[in-house]
Protein chains: 2
Amino acid sequence: MDIVDLGTVPKTEAVYSDFLLQLREKFEMDHAAYAGINPAAGAIHGYVTYGDDWKQHYQQQGFHMIDPTLHMSQRSIAPVDWSRLERGKDFKRVFRDAHDFGLSEQGLTIPVRGPYGDVGLLSVTRDCSPEQWRKLVGHVISDLQSMAVHIHDTVMGSDLLGRILYHPALSTREVEILQWVAVGKSQQDIGDILSISHRTVEVHLRSSREKLCALTTAQAVGRAIGLGLIYPG
Amino acid sequence: MDIVDLGTVPKTEAVYSDFLLQLREKFEMDHAAYAGINPAAGAIHGYVTYGDDWKQHYQQQGFHMIDPTLHMSQRSIAPVDWSRLERGKDFKRVFRDAHDFGLSEQGLTIPVRGPYGDVGLLSVTRDCSPEQWRKLVGHVISDLQSMAVHIHDTVMGSDLLGRILYHPALSTREVEILQWVAVGKSQQDIGDILSISHRTVEVHLRSSREKLCALTTAQAVGRAIGLGLIYPG
DNA sequence: CAAGTTCTACGGGAATCCCCCAATAGCCCG
DNA sequence: CGGGCTATTGGGGGATTCCCGTAGAACTTG
């Protein structure tokens, strides 16, 4: 594959846009777009090959609030071919306008998720016959999926420094106790389970909250889950 | 591609094992394994092409607690080639034993995540020279990634009925208030923010706990995050 | 060895949460 | 229209958490 390997170049916004342009050419698509959300870093990323006119219009109309290609893909493990989406009023509204900008309603969105609640959506569009589309997709889907993982990994990696600085080191005991809280146990229960005083449990939870910069224990639980330190019970 | 499409056959455990056997043959691997966790359904899945002797030994030794191929992959967006793992005491412990069962320490694990906290790990191993391995992986990685998504999607889909039954419908207000809790606000704060009584906040939280089968609000926050209903604050 | 971290434990009291109970109003759908 | 659900509000009271502060022992690392 001759698309630039994002792992080997400096990370600027232009690099991602170029990556999408190259991907678009290689896989014979009209357009490509990547959208990424990183809750742990509070970051949102978006790169597209569309012209500025459609980008502005999409934003002004608030289409991201109703765009079913986004919403259905966020609920899917596998790639979502737009031909399988319901042609409801939201779909029609977005793509009636897209037509006016010369954009096709035939496309595909590939969701990728990371371990800390981060999500990336790589979308590609191509205006051609359904038969041609099916052949094209069947031919390139594996590589597109690999590309989706690649760009999402790289974009999230560029948030990595922030996450390293942000990512606190909870002690073993602190993690253990937070996990019990996530399972619904009270401080007294946890003390009984671990054969320690419930006052000690309280101390560890306080330390956990401080390290996670959380005002409450419930918030600390949520953050620890988001960071992959514990799991929902 | 001539591997059976899991979407077209009845879902039995033998089907997944056959899928892995076929995948192993097609991509010239020694072995293939899939492990999946579905927190929302409380389900754990595992299918492997290894013999029963290694499966039993792996379980008896509790290797899943220390296996770095599992732990590092769970923290990665992209596939993890085992050659890049640190040869620490855990790695050595697992693979010293694996050698005794004729299994290679050369492999690759591909993580896949779904929208509800579910995680799937597809691993493949092949005993050959590093040069051959690099060529083989470069040739098949895209297809392996697509396969990983495919099997994980299908396994999680087989939990779908459970998830539909289990997945509670929180009201808009309940979700909104749980999100504020996840941000660290107290019930009084939330009442002030939303211009409602803190007693009303309490009622919504109790309803949320009931629907999420949670004993505490902290547990409810964790579950809601795991279900993708709210996000860590 | 000294410093830092983790683990253990406690007093006292305020704040918050959550238990039980009660109620009304509005909206939607069969 | 009636039932179910959501949203709103309140009383009374107990349980739990969390605030402030304190301390010592064990372990690790430079």
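Keep in mind that what you see is a predicted model, and the values were worked out from it rather than measured. In what follows, every chain begins at residue 1, and chains take the letters A, B, ... in the order their sequences are listed.
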Contact residues, residues 192-203 of chain B to DNA chain C [heavy atom, < 4.0 Å]: B:Arg199, B:Glu202
A:Gln59, CD: over 12 other non-hydrogen atoms inside 6.0 angstrom: no
Can you pull out every salt bridge (Lys or Arg N to Asp or Glu O under 4.0 Å) where at least one residue sits in residues 191-201 of chain A? Sequence neighbours excluded, please. A:Arg199-A:Glu202
Heavy atoms from other residues, nucleotides or ligands near CH2 of B:Trp82 exceed 12 (cutoff 6.0 Å): yes
Where chain A begins and ends its contact with DNA chain D, read 5' to 3' at 4.0 Å from heavy atoms: D:dT17 to D:dG21
From the options B:Arg206, B:Lys211, B:His204, B:Gln179, select the one residue that forms a side chain to side chain donor-acceptor pair (under 3.5 Å) with B:Glu174. B:Lys211
Under the side chain to side chain contact (heavy atoms under 4.5 Å, CB included) test, residues paired with A:Ala224 that sit two or more places apart: A:Leu178, A:Leu212, A:Leu229, A:Ile230
Sequence-distant partners of A:Arg134, salt bridge (charged side-chain N to carboxylate O under 4.0 Å, His left out), two or more places apart: A:Glu131
Once salt bridge (charged side-chain N to carboxylate O under 4.0 Å, His left out) is applied, do any residues pair with A:Arg173, and if so which ones, sequence neighbours excluded? A:Glu176
Students often get this wrong, so: under 4.0 angstrom with heavy atoms, is B:Thr217 touching a base, only sugar-phosphate, or nothing? sugar-phosphate
Can you name the residues that form a side chain to side chain donor-acceptor pair (under 3.5 Å) with A:Trp54, not counting sequence neighbours? none
Quick one: list whatever passes salt bridge (charged side-chain N to carboxylate O under 4.0 Å, His left out) with A:Glu210, sequence neighbours left out. none
Is it the case that over 12 heavy atoms from other parts of the model lie below 6.0 angstrom from the CH2 atom of B:Trp180? no
DNA chain D: 5'-proximal contact among A:Ser186 and A:Arg206 (nearest heavy atom): A:Ser186
With sequence neighbours left out, the residues meeting salt bridge (charged side-chain N to carboxylate O under 4.0 Å, His left out) with B:Lys55 are B:Asp52
Excluding sequence neighbours, so at least two apart, what forms side chain to side chain donor-acceptor pair (under 3.5 Å) with B:Arg209? B:Thr217
5'-most to 3'-most nt of DNA chain C touching chain B (<4.0 Å, heavy-atom partner on protein side) reads C:dC17 to C:dC21
CA sep, side-chain torsions, deciding dist, call: A:His198, A:Ser186, side chain to side chain contact (heavy atoms under 4.5 Å, CB included): CA-CA 9 Å; A:His198 70 90; A:Ser186 68; over 6 Å; no
Any residue of residues 171-183 of chain B with a heavy atom less than 4.0 Å from an atom of DNA chain C: none
